[in-house]
**Student:** 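The structure under discussion is supplied below as structure tokens; questions concerning it will follow.
Bear in mind that the values here come from a model prediction, so they are computed numbers and not experimental data.
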Amino acid sequence: MDKPIILHENEYTEEDLEKLKQGKVWKFKDIFESQLTELFEIDNAHLIGKDEYQGKLENFLKEYMQANAELKGDYVYYPWSGLLVHLIGQKDLHTLRTNRTNNLITREEQEVLSKFTCGVAGLSFGNGIALSLVYSGASSIIKIADTDIFETTNLNRVRVGLSSVNEPKTVVTVREIYEINPYAIVDVFDQGLTEENLDDFINGTNKLNAVFDVVDDFSMKVRIRLAAKKAQIPVIMLTSLEDSILVDVERFDLDPDADIFHGLLGSVTDDLLNKRMTEEDKARYAMAIVGPETVSYRNLLSLSNIGKSLVSRPHLYGTVSIVCGLAAYIVKRIALGEEMPSMRRHLKFNEIMDIAPNKEDTAENRSKIMQELMKRGSE
């Protein structure tokens, strides 16, 4: 898996740097001095706009740049893009990356967040969840799992470009993480989650503090929760439902005896884990988890057309982007010990904004589609 090459200050020579530059560097970007300026501003906010500011800034930069400036700071080389970046070191970069969260999140809280290790299983809009955590300064150690590639149809809800089409989701996601934070530790499970590697994902090196379930495989959803119960860590599942979101938080860290899926499926049986499921089985279990009352008319209409005019359940980018923001919010609450109990909450945008739902989204229309789906499942 691609990783950046990092030359750390005081650990490389002029020859090491020259050797790196003579490799496959296609573009060089030097942001070291501008980042030093940002650090000076942070430490001297009281001087901004005053006469002495510029002189003190110049003296500060001179102290760093006058002798062997080329050997100050770190160099990060991204082999997938050929980009070499000259920048400040890990600690100072963390200061800059999290400065604009002060005091919404204190520096002490930010340190706690950075050490809160999350796993993201499934990287369709799980890609956005992982990046939301990294942008927020959470999970400097993160685990990601998927076995699929990005397809063009994913671009309706995932912030990747056409150059990512046919690329493994893990490869694209890990590159994006390193381009935000080259010092991140990313454990990659590029075969997806399996019975064999699930324990390593949850409990192996860099044990998880929480796991996001963004997988489609129903039996794996069950296994993730059983493993999380045993490890006593939370499971978070955020379901995009047209113009609403189902927030599902299971705090097995607070109540390891809680039933998985809030008891909606009853006891877990061998059938749920091992039987070969038909499409009707999958639809029935999915509806039991999500709840028919949460699914809009157009979502139900889409489900009725899968295998006919549609190949899979549709999503909207606007809704998915809110999912990603909620992911960072929930992790912050859990990591900082704030109130975040086990819950199922259906967040309907029209109700939050106190406006009418879509005209066609009526109980009568939903009931009609549900009857058709039930009839189709029994045939």
**Student:** According to side chain to side chain contact (heavy atoms under 4.5 Å, CB included), who are the partners of P234, at least two apart in sequence or on a separate chain?
**Tutor:**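 With neighbours one apart ignored, the set is A210, R251, D253, I334.
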**Student:** With a 6.0 Å cut-off (strictly less than), is the heavy-atom count around CZ of R107, excluding the residue itself, greater than 12?
**Tutor:**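 No, the 6.0 Å shell around CZ holds no more than 12 heavy atoms from other groups.
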**Student:** Residues in side chain to side chain donor-acceptor pair (under 3.5 Å) with S124, at least two apart?
**Tutor:**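 Residues passing side chain to side chain donor-acceptor pair (under 3.5 Å) with S124: R157.
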**Student:** In terms of ring plane angle, is the pair F32 and Y64 parallel, tilted or perpendicular, where the classes change at 30° and 60°?
**Tutor:**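 Taking Y64 first and then F32, their aromatic rings stand perpendicular (interplane angle over 60°).
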**Student:** State which residues pass side chain to side chain contact (heavy atoms under 4.5 Å, CB included) with R100; sequence neighbours excluded, sorted by chain then number.
**Tutor:**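 Listed in chain order: nothing, the list is empty.
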**Student:** Could you list all the ring pair (Phe, Tyr, Trp, His ring centres under 6.0 Å) pairs where at least one residue sits in residues 196-215, not counting sequence neighbours?
**Tutor:**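 Checked against ring pair (Phe, Tyr, Trp, His ring centres under 6.0 Å) - neighbours excluded - the pairs reaching residues 196-215 are F189-F201.
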**Student:** What's the shortest heavy-atom distance between P182 and L93, and which atoms?
**Tutor:**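 Shortest heavy-atom separation between P182 and L93 comes out as CD-CD2, 3.9 Å.
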**Student:** Do E179 and W80 get their side chains close enough for a donor-acceptor pair, meaning under 3.5 Å?
**Tutor:**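 Yes.
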**Student:** Which residues pass the side chain to side chain donor-acceptor pair (under 3.5 Å) test with E111, sequence neighbours left out?
**Tutor:**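 Here the qualifying residues are H94.
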**Student:** Using links of under 4.5 Å between side-chain heavy atoms of ILVMFWY residues, direct or through other members, which residues join Y12 in one cluster?
**Tutor:**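 Traced through the cluster, Y12 reaches I5, L7, L17, L20, V25, F28, L71, Y75, Y77, L84.
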**Student:** Is the NZ atom of K56 crowded by more than 12 outside heavy atoms at less than 6.0 Å?
**Tutor:**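 No, the 6.0 Å shell around NZ holds no more than 12 heavy atoms from other groups.
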**Student:** For residues 231-262, which residue pairs qualify under ring pair (Phe, Tyr, Trp, His ring centres under 6.0 Å), counting only residues two or more places apart or in two chains?
**Tutor:**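 Every candidate ring pair (Phe, Tyr, Trp, His ring centres under 6.0 Å) pair involving residues 231-262 fails, so no pair, neighbours aside, qualifies.
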**Student:** With a 4.5 Å cut-off on side-chain heavy-atom distances among I, L, V, M, F, W and Y, is there a chain of contacts connecting I129 to Y317?
**Tutor:**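 No, it is not one cluster - the side chains of I129 and Y317 are not joined through contacts under 4.5 Å.
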**Student:** Output yes when D243 and R298 qualify as a salt bridge under the 4.0 Å nitrogen-oxygen rule, no when they do not.
**Tutor:**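 Looking at D243 and R298, the cut-off is not met.
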**Student:** When Ile, Leu, Val, Met, Phe, Trp and Tyr are grouped by side-chain heavy atoms lying under 4.5 Å apart, directly or through other members, which residues fall in the same group as V165?
**Tutor:**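 Reading the cluster by chain and number, V165 sits alongside F150, L155, V158, V160, L162, V172.
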**Student:** Strictly by side-chain hydrogen bond (donor to acceptor under 3.5 Å, both in side chains), give each pair with a member in residues 340-350 just once, sequence neighbours left out.
**Tutor:**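 Of all non-adjacent pairs touching residues 340-350, those that pass side-chain hydrogen bond (donor to acceptor under 3.5 Å, both in side chains) are S244-H346, D248-R344.
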**Student:** Any carboxylate oxygen within less than 4.0 angstrom of a Lys/Arg side-chain nitrogen, looking at E63 and K72?
**Tutor:**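 Result for this pair is no, no salt bridge flagged.
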**Student:** Is there a side-chain contact between D213 and V211, using heavy atoms and a 4.5 Å cut-off?
**Tutor:**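 No, too far: nothing below the 4.5 Å cut-off.
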**Student:** Is E338 close to K332 at the side-chain level, that is, under 4.5 Å between some pair of heavy atoms?
**Tutor:**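 They are in side-chain contact.
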**Student:** So do the side chains of I330 and M340 get within less than 4.5 Å of each other, counting heavy atoms only?
**Tutor:**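 Yes, side chains in contact.
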**Student:** Within the 4.5 Å heavy-atom criterion, are V323 and F125 side-chain neighbours or not?
**Tutor:**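 Result yes, sub-4.5 Å side-chain heavy-atom pair found.
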**Student:** Only counting residues at least two apart or in another chain, list the ones meeting side chain to side chain contact (heavy atoms under 4.5 Å, CB included) with K230.
**Tutor:**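 With sequence neighbours excluded, K230 shows a side chain to side chain contact (heavy atoms under 4.5 Å, CB included) to no residue whatsoever.
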**Student:** Does some side-chain heavy atom of Q35 sit less than 4.5 Å from a side-chain heavy atom of F40?
**Tutor:**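 The answer is no; the side chains never approach within 4.5 Å.
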**Student:** Who pairs with D187 by side chain to side chain donor-acceptor pair (under 3.5 Å), at least two apart in sequence or on another chain?
**Tutor:**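 By the side chain to side chain donor-acceptor pair (under 3.5 Å) rule, D187 matches N206.
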**Student:** Does the side chain of E176 come under 3.5 Å of the side chain of N127 through a donor N or O and an acceptor N or O?
**Tutor:**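 Indeed, the side chains of E176 and N127 share at least one donor-acceptor pair under 3.5 Å.
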**Student:** With no hydrogens and no angle check, just 3.5 Å: does a side-chain donor-acceptor pair link D92 and T95?
**Tutor:**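 T95 and D92 do not have a side-chain donor-acceptor pair below 3.5 Å.
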**Student:** Each residue besides I141 in its hydrophobic cluster should be listed here, by chain and number; the cluster joins Ile, Leu, Val, Met, Phe, Trp and Tyr at side-chain heavy-atom distances under 4.5 Å.
**Tutor:**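 I141 shares its hydrophobic cluster with I185.
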**Student:** Have E242 and T319 got a donor and an acceptor in their side chains that come within less than 3.5 Å?
**Tutor:**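 No.
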**Student:** Before you tell me yes or no, could you show the steps for E70 and K21 under salt bridge (Lys or Arg N to Asp or Glu O under 4.0 Å), namely the whole-Å CA-CA distance, both residues' side-chain angles and the distance that decides it to 0.1 Å?
**Tutor:** CA-CA 12 Å; E70 192 177 42; K21 286 183 175 181; 3.0 Å; yes
